[in-house]
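Right, one structure below, let's go through it.
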Number of protein chains: 2
Amino acid sequence: MPPNRRVTLKQVAERAEVSRAAASFALSGRPGVSDATRTKVLRIASELGYAPNQVAQNLRSSRTGMVAVYLPEDVSTLSYYMEATFGVIDEAEQSGHTVTLIPHRPTGLNRLQADGIIMLDPTRGDPMIGHLLDLGLPVISGEELPEPSDDDLPRPSSPQSLERSAEVAGLVTSDHAASTVELLEHFVARGARRPGIIASSVPMAWSMTVEATYRQWCADRELNPLVEYASLDGLEETTRRATRNLLDTGTVDAILALADGSALNVITSAAEYGRRVGEDLLVAATVDSPVLSYTDPAVTAVDLRPREFGRRCMSVLSRVLDAADASPDTLAEVVDTEVIYRASTRGTAGDR
Amino acid sequence: MPPNRRVTLKQVAERAEVSRAAASFALSGRPGVSDATRTKVLRIASELGYAPNQVAQNLRSSRTGMVAVYLPEDVSTLSYYMEATFGVIDEAEQSGHTVTLIPHRPTGLNRLQADGIIMLDPTRGDPMIGHLLDLGLPVISGEELPEPSDDDLPRPSSPQSLERSAEVAGLVTSDHAASTVELLEHFVARGARRPGIIASSVPMAWSMTVEATYRQWCADRELNPLVEYASLDGLEETTRRATRNLLDTGTVDAILALADGSALNVITSAAEYGRRVGEDLLVAATVDSPVLSYTDPAVTAVDLRPREFGRRCMSVLSRVLDAADASPDTLAEVVDTEVIYRASTRGTAGDR
DNA sequence: GCCGATCACTTAATCGATTTAGTATGGTCT
DNA sequence: AGACCATACTAAATCGATTAAGTGATCGGC
């Protein structure tokens, strides 16, 4: 009755005049009790507002009921991670898991309680990645795990753990290569001849895929790739410089920006170079973000469906957790993306 | 030894040749064991890499060890909440709490396990707010709790719970009135005479404070307030319209935008009206966001120190949880803010 | 009419840590 | 030497749910 004192199974059992075990059977829907008893217990449970104490359940089942999400520390595009995290939460609710966020510092990592880990966009060189893999928990990687770089310290781990960390339990990706090609072809269809790219020096798998795809696309057409970088150190300054360098060439008539910040900078400074975005300068971004629809003109971008992406990560993790023992190969899934066409790539060749 | 099998207190006790109770006393630092035993237990515990099972601890202490954070469903400025949430996590780590995010749907709310709740920017009309307040857990509100509007359904709650929900256990705010005045005065100091505002129709306490402060400021100077709204329904369209309406007046020479999207739209469409941002049109935003530093010119904005804000919310909650029984009045704290001056308010009146 | 099987249920062990109550040891005081 | 007490520890209960093992009753088959 008092909402501060929670109803326990024992109380339900007493009211129903059965043992705690019988009540437990009835509530969990397993055989062993008569239909009469079952309905009675269920009725009383709902009357009393019984909700099982998850802490007790978890202790018994030696699970934590928690899923830990790890996000990159330095992110330029926050909305993606926010949405993806809520996608994880959506799906975690289904399987009765709670979602916790992992701090970026390794302090107290051994205190981390979770049944599994979801890493979004693991960054090469981030020492946390190794620590998390070494925890012995099933890990789902959102976007590919980058190869450890040479200057990374070798993790102090036994051969056994090395072997384990070579594999994640599941992998969810988006087809960045396909969406990059779609954007580049769209540039061409809208009348552009020389697309350039403002890449990111952040060593995440997806950004490397986009850049490599662009370079390959240029190679296929015997075009000289026009690549400028925005780096995490001095992000604003390098973003501005990348924009300036591309526009200074004078030959660029389309720009593919990896980060929303870069696209934004192109939009707002194009006028200084006498360029009109959407007409003689097409602009698109590889990751959509709310801000890209507020600019004038609004910016064409790839909707990575982050919410769905997060849901899929959690759903893969659920399957891994249920499989318990037998999961020899890692589960892999691809989330569909969609290019959102906006005014920044209207171009000169007809409508739409 | 195997990292997948966690070390338990029993194992430590056996290795140290004492009872589990003695080991527990030793580890928790309470009297009742000799110094020799204590050091021995501690040594063995660290050798074995013992970490107490928090699930068991929580069951025993009938706490959950979790803090639940509730974010508004429709947010235009994501980075603020992201940062604030990580601030909560920073501080929660200190007190050994895990942070979970609350889904926006009330489904399964009674299954929510937490020792306390932190609501960020509670929105008037959001039915979740009532539900969360009725849970009987200590609630910290980040920014004031709005008065329930008339058309809100009365919550089905006993008088007792009504009384309780009238009060939150703690309140953390930023001084939006002060920062608004600072921005307006800055406009004037930079040569502006007629500032307008693109307000938000989102009924959150802070946005209402900013708008009210602006109106009062105008009234004090016998100026006619120039207010346009960007509403959540059709955010892009209303944002554009608000910008257009303000610029169409021709009299506006400074614009204060509540959301980063609005500020952005002003920046990118000013040229069409023959205005030069930072010269004959000053622009500032009441909430800083990464995108505001990538535009050209970059936009002056208020840094609300969201990370610190989140930390303070959690620290207040910690105090409430420790106080246990005696906390008659709600704890209140104010987080300092800082205006970040950028090129969009350079103006005509000298340097700065 | 008796054996075995099935059903419906209860008892008790279990998860891992904390904590109360209880016990043995040694020392001090008179 | 016996009473008394503090110290250092152990045994066992506890948190709330799950589940293996056990008990009694009923039923069917031959």
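Because the structure is predicted, anything quoted here is derived from the model rather than measured. In the text below, chain A, chain B and the rest are named by the order of the sequence lines, each starting its count at 1.
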Base, sugar-phosphate, or nothing for Ser34(B), non-hydrogen atoms under 4.0 angstrom? sugar-phosphate
Within the distance-only criterion (no hydrogens, no angle test), does the side chain of Thr8(A) pair as donor or acceptor with the backbone N or O of Gln11(A) below 3.5 angstrom? no
Rounded off to whole Å, could you give me the CZ-to-C1' distance for the Phe25(B) and dA17(C) pair? 12 Å
Leu59(B) side-chain proximity, nearest of dC15(D), dA17(D), dA17(C): dC15(D)
Can you tell me which nucleotide in dT11(C), dA17(D), dT14(D) comes closest to the side chain of Ala21(A)? dT11(C)
Mind checking if Arg38(B) touches a base, just sugar-phosphate, or nothing, with heavy atoms under 4.0 Å? nothing
Once you round to the nearest 0.5 Å, how far does CZ of Arg15(B) lie from CD of Glu17(B)? 10.0 Å
How about Ser315(A) and Arg319(A): does a side-chain donor come under 3.5 Å of a side-chain acceptor? yes
Intermediate values then yes/no, side chain to side chain contact (heavy atoms under 4.5 Å, CB included), Leu120(A) and Tyr70(A): CA-CA 6 Å; Leu120(A) 294 180; Tyr70(A) 183 70; over 6 Å; no
Just how far, in rounded Å, is C1' of dT18(C) from CG of Leu9(B)? 9 Å
Whole-Å gap separating P (dC7(C)) and CZ (Arg30(A)): 16 Å
Taken to the nearest whole Å, CZ/Arg60(B) to C1'/dA17(D) is 16 Å
OP1 or OP2 of dG16(C) less than 4.0 angstrom from a side-chain nitrogen or oxygen of Tyr50(B), does that happen here? no
Side-chain contact check for Gln57(A): nearest option of dT19(D), dA17(D), dT19(C) is dA17(D)
Given dT10(D), dT18(C), dA13(C), identify the nucleotide with an atom nearest to the side chain of Ser19(B). dT10(D)
Length of the CZ-P vector between Arg20(A) and dC15(C), whole Å: 16 Å
note: Asn58(A), atom CG; dA17(C), atom C1'; distance rounded to Å ~ 15 Å
Sorted by position of nearest nucleotide on DNA chain C, 5' first, the leading residue of Leu27(B) and Gly32(A) is Gly32(A)
Side chains of Asp121(A) and Tyr81(A): is there a donor and an acceptor less than 3.5 Å apart? yes
For Val18(A), report the nucleic acid contact type (base, sugar-phosphate, nothing); a contact means any heavy atom under 4.0 Å. sugar-phosphate
Side-chain N or O of Ser24(B) closer than 4.0 Å to phosphate OP1/OP2 of dT18(C): yes
Under 4.0 Å between any heavy atoms, over every strand shown, what does Arg63(A) touch: base, sugar-phosphate, or nothing? Just pick one. nothing
Of Ala56(B) and Ala23(B), whose nearest nucleotide on DNA chain D comes first from the 5' end? Ala23(B)
Rounded to the nearest 0.5 Å, how far does CG of Leu59(B) lie from CD of Gln54(B)? 13.5 Å
Rounding to an integer number of Å, can you tell me how far Arg6(B) CZ sits from dC15(C) P? 16 Å
Thr8(A) near the nucleic acid: base, sugar-phosphate alone, or nothing, with a heavy-atom cut-off under 4.0 Å? sugar-phosphate
Taken to the nearest whole Å, CD/Glu17(B) to C1'/dC9(D) is 14 Å
Using a cut-off of 4.0 Å on non-hydrogen atoms, how would the nucleic acid contact of Thr37(A) be classed: base, sugar-phosphate, or nothing? sugar-phosphate
